[in-house]
2 protein chains.
Amino acid sequence: MGKGEHTRLAILDAALAQASECGFESLTIGSLAERAGLSKSGLFAHFGSREELQIAAIGVAAERFVETVFRPALKAPRGLPRLQALFDHWLAWTESSGLAHGCPMQAAAVEFDDRPGPVRDAVVGHYRHLDRETGRAVRIAVLEGHLRSDLDVEQFVFELLGIVFSYYHHARLLCAEDATKRARAAFERLIAHAAVQPS
Amino acid sequence: MGKGEHTRLAILDAALAQASECGFESLTIGSLAERAGLSKSGLFAHFGSREELQIAAIGVAAERFVETVFRPALKAPRGLPRLQALFDHWLAWTESSGLAHGCPMQAAAVEFDDRPGPVRDAVVGHYRHLDRETGRAVRIAVLEGHLRSDLDVEQFVFELLGIVFSYYHHARLLCAEDATKRARAAFERLIAHAAVQPS
DNA sequence: GCTTTAATAGTACGACCGTTCGTTTTATTT
DNA sequence: AAATAAAACGAACGGTCGTACTATTAAAGC
């Protein structure tokens, strides 16, 4: 790995931290250069444009999400345990990956949901991937016999995402102490409804 | 009403439209002045600072939300019907109030959830109010005998908010056609679980 | 209609924006 | 060690940012 590659990663690391705090729109060349200890032009040369920088930052955010949330969950047994692990890692992923200030992907989702362009496309791509992979995990739980076979998987994923969003909201904005507890309770209810023989 | 008051409202109207598209951080004096048909300094004089402008914009966003979502719901019968009306208006409120590009309050929530200051305080205040009022509506449904008396109201509100967030996400970012259908199904499930005699 | 006050315009400012360019320093290769 | 390529720098550009002033216009009160 050349030296350029290394600093590029360092830049993106700083970019992720910044985006976690203040969103991707706050990723300015100047402030990021200062944070990364480079000159503006030196940093700029790595990406060629601010937009490319934002796209790259979203890319590593997505990548890190997968590695922090999905990959570890694969170590859990197929089916319900894996789904539970997925959810647990999801709730804690920003902390466990050093992004102390909220999920950058969610920030990007809200920032760009109405601004067509390559940045938005990147965000959409990530979330579609997320939906797909989550659905896959749910389907495995169905195949394993942990969840009922007539389960509406898309609906399950829709509601699961809602729980995570509400968790982020209560934990970060409202600083609610019981956000984790509420999220887990909601998840339990979701699972209970999807389990075989819903009482 | 003096003329100043009138233009001030017009400015905030334009501000809301802009914030709905690109967030509150995109509320710059210059661009907003152009949109409102004023000079930069003429607009600036109405608020004294950009921050005050942002706070004022969040104020009218919250106000409009209450008037579009909560007030009309009061016309529905107390209890479950009112809760259903509340939810329906909530899903459609950005369109029905002319904000064609997403809920500005949610945008503000994500933008400022990690940036202490008066703007954040305003956002937090609104959402606390929202939680409280929604809880009140749920409690009424309990009193009316439509929902079970041992219902965890806070939990109910937590999950309801999650449904709305997931709806926004799928409808706006992913442009999912079935977002409304999914949201309603999730709501139905939430109600069913909270209803008396959960099957 | 005149005076007073409120509302808007105009201009200027320093700071920062993304970007370009030429130069200099640092790595890599031969 | 010399030659070449990669990487970082520093200065500058045109623009826009928020904000501070003063001047000008429109409204309000008498």
Side-chain angles (χ1 to χ4, degrees), chain A residues 1-19 21-60 107-108 111-112 115-120 122, chain B residues 1-19 21-60 107-108 111-112 115-120 122:
Chain A
M1 175 169 71
K3 192 198 177 199
E5 207 76 15
H6 179 269
T7 50
R8 185 192 153 97
L9 290 182
I11 292 171
L12 289 175
D13 218 62
L16 227 57
Q18 167 122 358
E21 282 184 49
C22 305
F24 284 88
E25 208 49 53
S26 83
L27 282 184
T28 71
I29 308 281
S31 68
L32 194 56
E34 189 172 12
R35 191 194 272 254
L38 276 91
S39 65
K40 273 174 66 176
S41 49
L43 186 146
F44 183 84
H46 281 272
F47 303 95
S49 79
R50 185 171 106 105
E51 197 172 57
E52 283 299 322
L53 163 65
Q54 287 177 321
I55 294 174
I58 285 173
V60 306
E111 284 187 65
F112 294 100
R115 279 189 271 180
V119 182
R120 192 198 124 103
Chain B
M1 175 170 71
K3 191 197 176 197
E5 206 76 15
H6 180 269
T7 51
R8 186 191 153 98
L9 290 182
I11 292 171
L12 289 175
D13 216 64
L16 227 58
Q18 168 123 357
E21 281 185 50
C22 306
F24 285 87
E25 208 48 54
S26 82
L27 283 184
T28 70
I29 307 281
S31 68
L32 194 55
E34 190 171 11
R35 191 194 273 253
L38 275 90
S39 66
K40 270 175 67 175
S41 49
L43 187 146
F44 182 82
H46 280 272
F47 303 95
S49 79
R50 185 170 105 107
E51 198 172 56
E52 284 300 321
L53 163 66
Q54 286 178 322
I55 294 173
I58 285 173
V60 306
E111 283 186 65
F112 294 100
R115 279 188 271 180
V119 182
R120 193 199 123 105

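Each chain gets a letter, A, B and so on, in the order its sequence line appears, and its residues count up from 1.
Residue B/Arg50 contributes atom CZ, which lies 12 Å from atom C1' of D/dT16 at whole-angstrom precision. Nucleotide C/dT8 holds its C1' atom 16 Å from the CD atom of B/Glu5, rounded to whole Å. For the pair B/Phe44 CZ and C/dA12 P, the computed distance is 18 Å after rounding to whole Å. Remark: P of C/dC17 and CG of A/Leu43 are 12 Å apart, rounded to the nearest angstrom. In this structure, the CD atom of B/Gln54 is 13 Å from the C1' atom of D/dC17, given to the nearest Å. If you take CG of A/Leu32 and C1' of C/dG18, they are 13 Å apart, rounded to a whole angstrom. Here the C1' atom of nucleotide D/dA26 and the NE2 atom of B/His6 are 15 Å apart, to the nearest Å. Here D/dC17 presents its C1' atom at 14 Å from CG of B/Leu27, a figure rounded to the nearest Å.
Looking at the side chain of A/Lys40, the nearest of the listed nucleotides D/dA8, C/dC17, D/dT19 is C/dC17. With D/dA8, C/dT11, C/dG18 as the candidates, the nucleotide lying closest to the side chain of A/Thr7 is D/dA8. In the set C/dT19, C/dC17, C/dC21, C/dC17 carries the atom at the smallest distance from any side-chain atom of A/Thr28. Closest to the B/Ser39 side chain, of the nucleotides C/dT8, C/dT20, D/dA8, is C/dT8. Each of D/dA20, C/dG18, D/dC17 was ranked by its minimum atom distance to the side chain of B/Ser31; first place goes to D/dC17. Between C/dT20, C/dT19, D/dA27, one nucleotide has an atom nearer to the side chain of B/Lys3 than all others, and that is D/dA27. Comparing C/dG10, C/dT20, C/dT8 by their nearest atom to the side chain of B/His46 picks out C/dT8.
Taken from CZ in A/Phe24 to CD in A/Glu51, the straight-line distance is 13.5 Å, to the nearest 0.5 Å.
The main-chain N or O of B/Ser26 is found under 3.5 Å from a side-chain atom of B/Gln18 such that the two form a donor-acceptor pair. The main-chain N or O of B/Leu27 is never found under 3.5 Å from a side-chain atom of B/Gln54 such that the two would form a donor-acceptor pair.
At a threshold of 4.0 angstrom between heavy atoms, the contacts of B/Ala45 include nucleobase atoms, whether or not backbone atoms are also involved. Residue-level contact check: B/Leu38 touches the backbone only, with heavy atoms under 4.0 Å from sugar-phosphate atoms and none from bases.
Ionic pairing of A/Glu25 and A/Arg50 is present here: one or more N-O contacts between side-chain nitrogen and carboxylate oxygen are shorter than 4.0 angstrom.
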Query - Pair B/Ile29-B/Leu53, side-chain contact (heavy atoms from CB on, under 4.5 Å): steps then yes or no - result: CA-CA 9 Å; B/Ile29 307 281; B/Leu53 163 66; 4.3 Å; yes

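Comparing B/Gly37 and A/Glu51 along DNA chain C, the residue whose closest nucleotide (by nearest heavy atom) sits nearer the 5' end is B/Gly37.
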